[in-house]
Number of protein chains: 2
Amino acid sequence: MNDKKAIDKKDREEIRDLAAEAGSLTEFAYRRLREDIIAGHFPSGAKLQIEDLKARYGLSASPVREALSRLISQGFVASESQRGFRVAPMSAEDLADITLARQVVESAALALAIRKGDDAWEGEVLSAFHKLDRHVLRLGGRPVQDLAAFSELHKAFHAALIAACGSPRLIEEQSRLYDQAERYRHGMMYSFLSDAEVDLMGEHRALMEAVLARDADAALRLLHHHLGHTYEFCFGKNAAENSGPLPSTGQKTKRPARS
Amino acid sequence: MNDKKAIDKKDREEIRDLAAEAGSLTEFAYRRLREDIIAGHFPSGAKLQIEDLKARYGLSASPVREALSRLISQGFVASESQRGFRVAPMSAEDLADITLARQVVESAALALAIRKGDDAWEGEVLSAFHKLDRHVLRLGGRPVQDLAAFSELHKAFHAALIAACGSPRLIEEQSRLYDQAERYRHGMMYSFLSDAEVDLMGEHRALMEAVLARDADAALRLLHHHLGHTYEFCFGKNAAENSGPLPSTGQKTKRPARS
DNA sequence: AAAAGAAAAAAAATCGACAAAATGGATAGC
DNA sequence: GCTATCCATTTTGTCGATTTTTTTTCTTTT
């Protein structure tokens, strides 16, 4: 109870600086809250009390409420009229849904990018992969330490893949869904590279190579498979087949889709 | 300037009632604003001044700002920090992007629905089509009058098609994209059925029949083609091919896709 | 006359306080 | 002993006023 009021004058100035950087206090609250939720700093369906948040971020109700409002449409916060806000609840079905949506959106965007991307795009993909690869190597298979840095590079790689798709909306939606899945990843990251069952970086490399070779079929297959891992890590392999049947058009039911 | 202050005590009570219905004033403001933007009541990139909106809806700044904040993440409102809000600008490229995203999301959802839907779902599809069909017939080819009713039925039909897809996110996204496109439709609805070039209800019927026959290939082809019409109506047929190449996976480049 | 700067006006963002609603707990009734 | 009702407390949602920032207007200077 004491540490909630631990915002003294010094902190207040700091917040002011950070707010100036972010543009406004609302923006500041929005970013901090979003990060805190994604980082799993609040438990799944936890109540987000205005009073607490005011104290936590050192500002008054208006910016906090506006930030919460913005996070509603993003799927990070849920609100019940007249009884406040809570962190959007997590569940196996929810992650399955996120995974499915990612497979739909990201696959489509990747297909477009492969068709439309130019040399500069290929360069960016290569660069993003390289940075991610080096980072993981440097940590010697233990990305636990610098989780935030790894996440950022991993996200950047996936973003680079579809950057040339030409659709702001698909890019935006990919980013949003990635962040939603990030929430689930945080719980399970600690065991991640010790699990030899899946060679994440190997998959990334294969994916990149297929992309650079403009082999759309292979790339889409790899991506689809790759996206399922978050779910498998969190809730086991079995139920992953729940969303198993391929997302959409084509594939023409050649086979029941190996992934 | 006078009609902006035209909120007297009587109106204020009315607003209170409506708010009670909506749950809160914020919710009320959110719905009204959203409707007004979709209905094209504000010009494309128009400034949304808090003072104006306060007067227009008869409430104070907080609910208005929260409503605006929520609309940001939805793509209906844009904000520049420290200099307020404006209606998200419209453009040909933007509608092309919406169309592309719809083709990606709605196609995937429809494929899933066709695979997973049960008898009850088929019933709902049939019912939604019937209501839409009857409404259009009753108006004798002039849906101009009751535009809102038509829109609602049309949206309900498209929603019914994918209702069985099993993915809350795909459903939600479809709805959001539909509404974003709605903004563009409003400008061009007045000439719509007189244009014999496209037989909208015929397309709807064909689509429904393909769906009920569980003919995924045909249904997806029809849907993809159908979704392009909003763009064609607004900006002409040529540029529609811009986003022409199919959204994503599969189709295996059998043919360059007739649509 | 044009550009730069200062002052005034307008608008946005934020705050502190209040009113309405919900929650939790105690008491009364069955 | 259990349920229902009322009251105290907490919390949300809303407002009006204040502060900060931007925009406009009016000087002043070159």
Side-chain angles (χ1 to χ4, degrees), chain A residues 1 4-5 7-9 11-33 42 45-73 77-88, chain B residues 1 4-5 7-9 11-33 42 45-72 77-87:
Chain A
M1 201 173 280
K4 290 191 179 166
K5 248 209 159 175
I7 306 283
D8 56 18
K9 286 157 205 165
D11 290 332
R12 212 164 264 273
E13 277 178 36
E14 247 181 74
I15 287 166
R16 232 180 120 129
D17 288 348
L18 289 167
E21 213 175 301
S24 69
L25 294 181
T26 297
E27 185 70 22
F28 169 72
Y30 170 73
R31 290 191 195 171
R32 285 294 310 271
L33 240 165
F42 301 105
K47 192 127 205 330
L48 292 168
Q49 294 198 143
I50 308 288
E51 213 52 42
D52 288 353
L53 298 177
K54 273 169 57 174
R56 173 180 256 257
Y57 301 124
L59 16 95
S60 83
S62 319
V64 170
R65 289 191 124 261
E66 281 178 39
L68 285 166
S69 297
R70 267 172 77 174
L71 288 167
I72 290 176
S73 333
V77 167
S79 85
E80 273 182 294
S81 94
Q82 235 70 19
R83 70 192 56 166
F85 305 87
R86 35 183 77 249
V87 178
Chain B
M1 201 173 280
K4 289 190 180 168
K5 248 207 159 178
I7 307 282
D8 56 19
K9 287 157 202 165
D11 291 332
R12 213 164 263 273
E13 278 179 36
E14 246 182 75
I15 287 166
R16 231 180 123 130
D17 288 347
L18 289 167
E21 213 175 302
S24 69
L25 293 182
T26 297
E27 185 70 23
F28 169 71
Y30 169 74
R31 292 191 195 169
R32 284 293 310 271
L33 240 165
F42 300 104
K47 190 123 207 325
L48 292 168
Q49 292 197 147
I50 309 290
E51 215 51 45
D52 287 353
L53 298 176
K54 273 169 58 174
R56 171 181 259 258
Y57 300 125
L59 18 93
S60 81
S62 319
V64 169
R65 289 190 124 262
E66 283 178 38
L68 285 165
S69 297
R70 270 172 77 175
L71 289 167
I72 290 174
V77 166
S79 86
E80 272 182 295
S81 92
Q82 235 69 20
R83 67 192 61 167
F85 305 86
R86 37 183 74 249
V87 178

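Heavy-atom basis, side chains included; hydrogens, waters and symmetry copies ignored. Chain letters run A, B, ... following the sequence lines, proteins first, then strands; residues in each count from 1.
Among the nucleotides C/dA13, C/dT14, D/dT12, the one closest to any side-chain atom of A/Ser60 is C/dT14. Picking from C/dT14, D/dT14, D/dG13 the nucleotide with the shortest atom distance to the side chain of A/Thr26 gives C/dT14. For B/Gln49, taking side-chain heavy atoms from C-beta onward, the closest of the listed nucleotides C/dA11, D/dC15, C/dC15 is C/dA11. The side chain of B/Lys47 has C/dA12 as its nearest neighbour among D/dG13, C/dA12, C/dC15. In this structure, of D/dC15, D/dG13, C/dA13, it is D/dG13 that holds the atom nearest to the side chain of B/Ser24. Set against C/dT14, D/dG13, C/dC15, the side chain of A/Ser62 has C/dC15 as its closest nucleotide.
Considering all non-hydrogen atoms of both residues, B/Ser24 and A/Gln82 come closest at CB-OE1, 4.1 Å. Nearest heavy atom pair, residue A/Leu33 against residue A/Ala67, reads CD1-CB, 4.3 Å.
For the pair B/Gln82 CD and D/dT23 P, the computed distance is 10 Å after rounding to whole Å. The distance between atom CG of A/Leu25 and atom P of C/dC15, rounded to the nearest whole Å, is 5 Å. In this structure, CG of A/Leu59 is placed 11 Å from P of C/dG16, rounded to the nearest angstrom. Distance A/Lys54 NZ to D/dG13 P: 13 Å, rounded to the nearest Å. Rounded to whole angstrom, the span from the CD atom of A/Glu51 across to the P atom of C/dG16 amounts to 11 Å. The OH-C1' distance, from B/Tyr30 to D/dG13, rounds to 18 Å in whole Å. In this structure, A/Leu53 atom CG and D/dG13 atom P are separated by 12 Å, rounded to whole Å. Distance A/Arg86 CZ to D/dT11 C1': 13 Å, rounded to the nearest Å.
Note that A/Arg32 lies outside the cation-pi zone of A/Tyr57, set by a 6.0 Å cut-off to the ring centre and a 45° limit from the axis.
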Steps toward side chain to side chain contact (heavy atoms under 4.5 Å, CB included) verdict (B/Phe85, B/Leu71)
CA-CA 10 Å; B/Phe85 305 86; B/Leu71 289 167; over 6 Å; no
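Nearest-nucleotide mapping onto DNA chain C: of A/Arg83 and B/Leu48, the residue sitting toward the 5' end is B/Leu48.
Looking at heavy atoms from C-beta onward, B/Glu27 lies in side-chain contact with B/Arg70 at the 4.5 angstrom threshold.
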